[in-house]
Structures are given as C-alpha cells and as structure tokens.
Number of protein chains: 2
Amino acid sequence: MIIQESDSMPRKPSYDRNKLIEQARDLFWTRGWAGTSLKDLEAALKMKPGSFYAAFGSKENLFDLALQKYASDGRMRLQLLSDHHGPLGALQRLPLLVISSDDAPAKACMLSKTLLELQAHGHPLAERASDLLLEMEAQFCALFEQAQTQQLISTARKPQDLARRFQSDLLGLRISAERNGINATLIAEELVRGLASL
Amino acid sequence: MIIQESDSMPRKPSYDRNKLIEQARDLFWTRGWAGTSLKDLEAALKMKPGSFYAAFGSKENLFDLALQKYASDGRMRLQLLSDHHGPLGALQRLPLLVISSDDAPAKACMLSKTLLELQAHGHPLAERASDLLLEMEAQFCALFEQAQTQQLISTARKPQDLARRFQSDLLGLRISAERNGINATLIAEELVRGLASL
DNA sequence: GTCTTTCTTGAGTGATCGCTCAAGTATATT
DNA sequence: AATATACTTGAGCGATCACTCAAGAAAGAC
C-alpha cells in the first residue's frame, strides 16, 4: 500500500513506473475510459489488483497520469520540431506527423477522445482534457505569433484565431485518419498548403 | 415479446415508437454507448425492462436504430437546404447550422463519437457509423459536383477531395464547438469563407 | 541469521451491467 | 360476457465492474 515512503527501502518496486504509465496511456488512448477495464490494465501492465492500487490508487488517477504524459510528450515534440525547423516549419510538419507515426497506438487525439466520451458526465477527466487542449492551443498560438514576428506569414489574422482554426482542422484530420478507407494524407497536405499561403 | 405481429391487434403498444427512438438517439448522442445505461434509457423512455426488450430487442439494436435516424435526418436536412439555397448555399449554411441548433443535444457529430468510442473494439456499431460517414461524404461530394456544374465554384479540385476536406473540417469544427470557452462560430465563418473562394 | 519495512498476491467485496421471463393487464374479436 | 392475443410489469438472473485487504514474499538494516 505504501510506495516509496521511507528513504531506506527494504524492497524496491519491481516495475518501471514510467513505462507502466506509457502502457496505460496507449491502452486508454485506443480503447477509451469505459472501454478499458481493470482486467485489461492488469493484463497489459502485468500487475495484480493489489499492486495496481498500491502503485496508482485508482483507475481514474492512472488515466489522469496518462493524459498528462500524453500532453507533455506532445508538447515536447512540437517544441523540438520548432527548434529544428522554426515555428512555421513545425506547424507544417505536425499534421503529417500525427497521422503517420507508426509507434502511436491511434491516429485520433487522446484529449479529444476523452473530452467527447466524458464531457456529458461532467467527469473530472473531461475537464483535465479540456485544460490540456487549451494548453495545446496556446502553444500553437505562440508558434503562429513567432511566425508573424519572423515575417514568415502575414499578420492579417490574429495568432489566436489562426491557432484555434489550426487546432480544429487538426482534430478533424485526426478523426479522418482514424477511419478506414480514408486517405488522410491528402487532407493533411491540403491543410499544410493552407498554412504556406498565409 | 411479440410487437405488431398479426393484423388484428388485441392490444396496441402505448408508445410512439418513433419518438422513443428519437429520445434514445438524444441520450446516446450525448452520453455515448457505454455512457448510456439501460437504467438511463428506462428512465428517459419511461419503459420497464420487459417492454424495452419486447420493443427493441437489445440496447445495441436500439443504438443502431438511433444511428440510422440520426443519419437520415441529417441527410434530409442537407437535401432541403440544397433545394432552397442551391448546392453551394447548402454547404455554406451547414457549418453554422450544426453548431448553433438549439434542439440538438450535442454539437459533436454522433457518428464520429460512435466511431471513436467503438472502433478499437471492432464493434459492429462502429462499422455502421463508418458506413454512414461515407454516405455523408458522398452527399457532400454530389453537392460539390453540382456546384461545379453550375459554375458556382472552380473545377480545379476534384469534388471527392473537396468533400473529404469539408467533412474533415466539419468534424473538427463540431468537436471545437463541444468544448467550453471556445467560440466555434469564428471557425465556422472561416470555413464558410474558404468555400466562397473556391 | 533476524528483524523490519515494503511490495506482491489473489480470493473476494458490493454495485452495477445488460437482460429474462413468468405473471398480470388490457383490448379487439367473437 | 367469454376468449384469444399481445403489451406491461418488476423481481431477479449471471456476468462484469472497480476495488479491498489479509496473508505471504522479498530485500535492506543490523
């Protein structure tokens, strides 16, 4: 029941907590909140109920950790993209990246999936997803602002509006990519073309 | 157990089947598949379990009926819009309409919500939603084709591509509209502006 | 080796899930 | 009124849900 309380540890946990959170994130990402049972988690993480609850407290708490990991990984990836290719280059590369990365367990955005599933229930996790979506939008906004400052795009439209529109299109693209028999690459390329002509 | 089998009926059902399906559709639309329990349905439709199963067979079957009603109502609405305002007018009016209609129980598209929730489980209802999304896309495609034939928009891009992009943006718009604190009207207006300059 | 602290185990909790069915009730036909 | 047929009722089914906890196993401290 107590994980890592005292400094001198008689017995260390036999797992890598961070890896477990990543595995849980992948499961939740693909199957959603209600679609992921504790049996699923126990099987994927190879943990018995007791260990699971000692380590994470509850399914809800683990989902929250998974959401935060999802968001912070995404944020870091975009930041890296911006470091290497500039603000506009990052925004242009993102659409194709999110729908073609092979290691991701799903194409659709985990935040939007969570929001759609749980918002109607007033579930705390929906609010968390909502907050993280706002953070994402703010990051987009900052990049558009930099792109304008560096005169890479026109200043005709407010960065805030550009960011909102971009995020909306991106969410739509990622749903389209989740569908079978839809060539989302074409949509992504059009989206990027739209960015180029701003 | 037998509903409407013989012509001469000793006792007619006391409910309006179509209205029940609409009520169920609204519940499923907002709360999703797993998020809607039979207790919820029994309360909303004012039916005891026995009547429910006599009338609809199963929760899954009712959800299927609800999906079909959702899709056919949407299809008819768009057709009416086209009759009154032409193909381009219909496509231009749709975005603002779907995010601002007060009678709809949710902003996001029920088909996309169903797809996102159930696709990973290989659930039959996800396949149904997928089929209906394809039908919707086909309807968009036909309207874009008519708009080109009537020389309302350029023929530079294939109607199929225009339809796919439009549907993708619309799905994104509707998710954005579902969020709190997001002014989706601005996104919708931009989307419509994009259509005007095709 | 002994002790102490912590992690692991898994049978089992009450609650809720979708669903069944035997009994009761209502109505058109005769 | 009697009968036949079909709808309504609601207690309760087995299965699964997220979760608990007492007992056992492992490892650092001494």
Side-chain angles (χ1 to χ4, degrees), chain A residues 1-21 23-24 27-28 31-67 114 117-118 120-121 123-125, chain B residues 1-21 23-24 27-28 31-67 114 117-118 120-121 123-125:
Chain A
M1 188 158 290
I2 298 161
I3 306 282
Q4 303 251 47
E5 190 162 85
S6 69
D7 292 348
S8 64
M9 287 236 307
R11 189 177 176 183
K12 292 174 189 169
S14 64
Y15 47 73
D16 179 339
R17 185 178 168 82
N18 201 49
K19 278 200 174 160
L20 289 182
I21 293 175
Q23 284 170 6
L27 252 189
F28 283 132
R31 308 176 76 87
W33 167 254
T36 308
S37 71
L38 248 103
K39 258 185 115 177
D40 294 334
L41 287 165
E42 287 162 21
L45 309 193
K46 279 163 195 158
M47 292 179 96
K48 307 298 172 187
S51 295
F52 179 92
Y53 282 91
F56 301 115
S58 69
K59 181 187 171 187
E60 180 174 334
N61 189 60
L62 178 56
F63 195 103
D64 196 50
L65 291 171
L67 271 185
T114 303
E117 184 182 358
L118 299 178
H121 298 0
H123 197 294
L125 290 170
Chain B
M1 191 160 291
I2 298 162
I3 307 281
Q4 303 252 46
E5 189 162 87
S6 69
D7 293 347
S8 64
M9 286 235 310
R11 188 176 177 186
K12 292 175 187 168
S14 64
Y15 47 73
D16 180 338
R17 184 177 169 82
N18 201 49
K19 279 203 173 157
L20 289 183
I21 292 174
Q23 283 170 8
L27 252 188
F28 282 133
R31 308 176 74 85
W33 167 252
T36 309
S37 71
L38 248 105
K39 258 184 114 178
D40 294 333
L41 287 165
E42 285 161 24
L45 310 193
K46 280 163 194 158
M47 293 179 95
K48 308 295 172 188
S51 296
F52 179 92
Y53 281 92
F56 300 116
S58 68
K59 180 188 172 187
E60 179 173 337
N61 189 59
L62 179 56
F63 195 103
D64 196 50
L65 291 171
L67 270 185
T114 303
E117 183 181 0
L118 299 178
H121 299 27
H123 198 293
L125 290 171

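Basis for what follows: all heavy atoms, side chains included, without hydrogens, waters or symmetry-related copies. Remember, it's a predicted structure, so these values are computed and weren't measured experimentally. Letters A, B, ... mirror the listed sequences (proteins, then strands); counts begin at 1.
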For this session: Compare every heavy atom of A/L67 with every heavy atom of A/T114, then report the nearest pair and how far apart it is.
Result: OG1-CD2, 3.9 Å
For this session: Please report the shortest heavy-atom distance between B/A44 and B/L27, naming the atom on each side.
Result: CB-CD1, 3.6 Å
Exercise. CD of B/E42 versus P of C/dC19: gap in Å, rounded?
Worked result: 11 Å
Exercise. Is A/L20 close to A/Q23 at the side-chain level, that is, under 4.5 Å between some pair of heavy atoms?
Worked result: yes
Seminar exercise, completed: A/L41 CG to D/dT16 P, in whole Å, measures 17 Å
For this session: Determine whether A/E117 and A/H123 make a side-chain contact, defined as any pair of heavy atoms from C-beta on separated by less than 4.5 Å.
Result: no
Problem set entry | Interatomic distance, A/E60 CD vs D/dC17 C1' [rounded to whole Å] | 15 Å
Problem set entry | Separation of C/dT20 C1' from B/M47 CE (nearest whole Å) | 15 Å
Exercise. Taking all atoms of both residues into account, what is the closest heavy-atom pair of B/A55 and B/Y15, and its distance?
Worked result: CB-OH, 3.3 Å
Exercise. Heavy atoms, side chains only, cut-off 4.5 Å: are A/H121 and B/R31 in contact?
Worked result: yes
Exercise. What is the distance from CZ of A/F56 to C1' of D/dC19, rounded to the nearest Å?
Worked result: 15 Å
For this session: Could you check if a side-chain atom of A/L41 sits within less than 4.5 angstrom of a side-chain atom of A/F56, using non-hydrogen atoms only?
Result: no
Check: protein-nucleotides 10-12 of chain C nitrogen or oxygen pairs below 3.5 Å:
{"unit_1": "C/dG10", "atom_1": "O6", "unit_2": "A/G50", "atom_2": "N", "d": "2.9"}

Problem set entry | Protein-nucleotide distance (A/F63, atom CZ; D/dC19, atom P), rounded to Å | 13 Å
Problem set entry | B/T36 vs B/L62 side-chain heavy atoms within contact, under 4.5 Å | no
Problem set entry | Protein-nucleotide distance (B/F52, atom CZ; D/dG12, atom C1'), rounded to Å | 18 Å
Exercise. Relative to the ring of A/F28, is the ring of A/W33 parallel (under 30°), tilted (30 to 60°) or perpendicular (over 60°)?
Worked result: parallel
Exercise. Separation of A/L62 atom CG from D/dC19 atom C1', in whole Å?
Worked result: 14 Å
Polar atom pairs between nucleotides 13-18 of chain C and protein, under 3.5 Å, N or O only, would you list them?
{"unit_1": "C/dG18", "atom_1": "OP1", "unit_2": "B/T36", "atom_2": "O", "d": "3.4"}
{"unit_1": "C/dG18", "atom_1": "OP1", "unit_2": "B/K59", "atom_2": "NZ", "d": "2.8"}
{"unit_1": "C/dG18", "atom_1": "OP2", "unit_2": "B/L38", "atom_2": "N", "d": "2.8"}

